[in-house]
*Asks:* 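What follows is a single structure, and I will ask about it in a moment.
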Number of protein chains: 2
Amino acid sequence: MEKDSTAVSLKLFIVLSRAYKAINEHVNKVIQASGLNPTEFAVLELLYHKGDQPLQQIGAKILLASGSITYVVDKLEQKGLLRRSACPTDRRVIFAQITDEGKKLIQDIFPEHAQQIDKLMSSLSDSEKLEAIDLLKKLGLPAGKF
Amino acid sequence: MEKDSTAVSLKLFIVLSRAYKAINEHVNKVIQASGLNPTEFAVLELLYHKGDQPLQQIGAKILLASGSITYVVDKLEQKGLLRRSACPTDRRVIFAQITDEGKKLIQDIFPEHAQQIDKLMSSLSDSEKLEAIDLLKKLGLPAGKF
DNA sequence: CCATAATATCTCGATTTCAAAATTATTATA
DNA sequence: TATAATAATTTTGAAATCGAGATATTATGG
């Protein structure tokens, strides 16, 4: 008696969506308490951990349309959390660079952010988390390439 | 030598987000080709598979604010894909009910939708999918309750 | 039974996002 | 070297979402 593979895939899609949304909803609350929205946080955190980035790269990494990048970078610049800087070798390109004030903000937020995530994931043991990481990597990497 | 549990949780959060977004991006393309946006599809598909629902329940199930539910239900009603119907026992409550035209649309879309998801998940074997389902259930259910 | 609290929906204004077009700069081509 | 194609960013207008408040109804405690 064969299991319908499509049904299993659909089920996985549903629990994946639910898990992501449930976790994210709570994560976003902590972020928003800091005065940033989730997108602003994502941009700033990217710059903090990965260094200066061309606007185009930011869009590619956090899956945001080019017009939206302009908008959110404007916002963060107005708040003094990042600055734009010209690329010396290609004048089409503009880098975003986190300011000291931006760094301070991320340093303030990040520990609680990480702790919150850890708490939300506490229903899994460490080895289950590692299992889940492997499976989700295997799932997500090829899907990104279609 | 102890593993930092928080680091594992953060990693899991990242791969969960990536996998969800990568899959979803492709799923949404198929949906949008049908003239519905992802939220409209989610509402209609809920009504199709779970029967009539109070607007409030719809919001709870697909995580949408009350004002947004009003908006999307208006849209679907204008398209003739669902209708509102009064609850006989509680006059605060309004049910959404899929129309025959709505059913026909879902019947048209759903097979390709399911097939697309199955294809996006083909990097996992069936037993890996079942493993992932268990882990994500265990992860998502408690997180929804915080 | 009444006052108060809780619940469901809707309205409104503000924010965020996208898609398409416009702008500016670079690279490739003939 | 013009010219065309490509690329990065910005502008613009529309759509989607949220949150707070308004309204109507139902539930609850005294």
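In what follows, chains are A, B, ... by sequence order, proteins preceding strands, each numbered from 1.
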*Asks:* Please list, chain by chain and in numerical order, all residues satisfying ring pair (Phe, Tyr, Trp, His ring centres under 6.0 Å) with B:F41, sequence neighbours excluded.
*Replies:* B:H113

*Asks:* Scan nucleotides 26-29 of chain C against the protein and return all N/O pairs shorter than 3.5 Å with their distances rounded to 0.1 Å.
*Replies:*
residue, atom, partner, partner atom, Å
C:dT26, OP1, A:R91, N, 2.8

*Asks:* Check the distance between C:dT7's P and B:L55's CG and give it to me in whole angstrom.
*Replies:*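 In whole Å, C:dT7 P and B:L55 CG are 17 Å from each other.
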
*Asks:* Using the heavy-atom set of chain B and a strict 4.0 Å cut-off, write down the first and last nucleotide of DNA chain D that makes it in, 5' to 3'.
*Replies:*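 Contacts span D:dA15 to D:dT26, reading 5' to 3'.
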
*Asks:* Can you give one letter per nucleotide of nucleotides 12-19 of chain C, going 5' to 3': B for a protein heavy atom under 4.0 Å from the base, S for sugar-phosphate only, - for none?
*Replies:* ---SBBB-

*Asks:* Do you know which two heavy atoms are closest between B:T99 and B:G80, and how far apart they sit?
*Replies:*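 B:T99 and B:G80 have their closest heavy atoms at OG1-O, 2.7 Å.
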
*Asks:* Pairs in or reaching into residues 43-94 of chain A: which pass ring-ring contact (aromatic ring centres under 6.0 Å, His included), with residues at least two apart or in two chains?
*Replies:* A:H49-A:F110

*Asks:* Assess whether a salt bridge exists between A:E40 and A:K75, defined as any Lys/Arg side-chain N lying under 4.0 Å from an Asp/Glu carboxylate O.
*Replies:*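 No.
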
*Asks:* Given side chain to side chain contact (heavy atoms under 4.5 Å, CB included), test B:S34 with B:D108 step by step and report yes or no.
*Replies:* CA-CA 9 Å; B:S34 74; B:D108 275 359; over 6 Å; no

*Asks:* Thinking salt bridges, do B:K137 and B:D134 make one under a 4.0 Å N-O criterion?
*Replies:* no

*Asks:* Starting from A:V73, can I reach A:I94 by hopping between I/L/V/M/F/W/Y residues whose side chains sit under 4.5 Å apart?
*Replies:* yes

*Asks:* Using the 3.5 Å cut-off, write out each protein N or O paired with an N or O of nucleotides 2-4 of chain C and the distance between them.
*Replies:*
none

*Asks:* Check whether any side-chain heavy atom of A:Q56 sits under 4.5 Å from a side-chain heavy atom of A:R92, and report yes or no.
*Replies:* no

*Asks:* I need the minimum non-hydrogen distance between B:L136 and B:L16, along with the two atoms involved.
*Replies:* CD2-CD1, 4.0 Å

*Asks:* Between B:Q53 and B:K61, do the side chains contain an N or O donor and an N or O acceptor separated by less than 3.5 Å?
*Replies:*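 Result is yes, a qualifying pair exists.
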
*Asks:* Roughly how many Å is it from CD in B:E77 to P in C:dT9, rounded to a whole number?
*Replies:*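 Going from CD in B:E77 over to P in C:dT9 covers 13 Å.
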
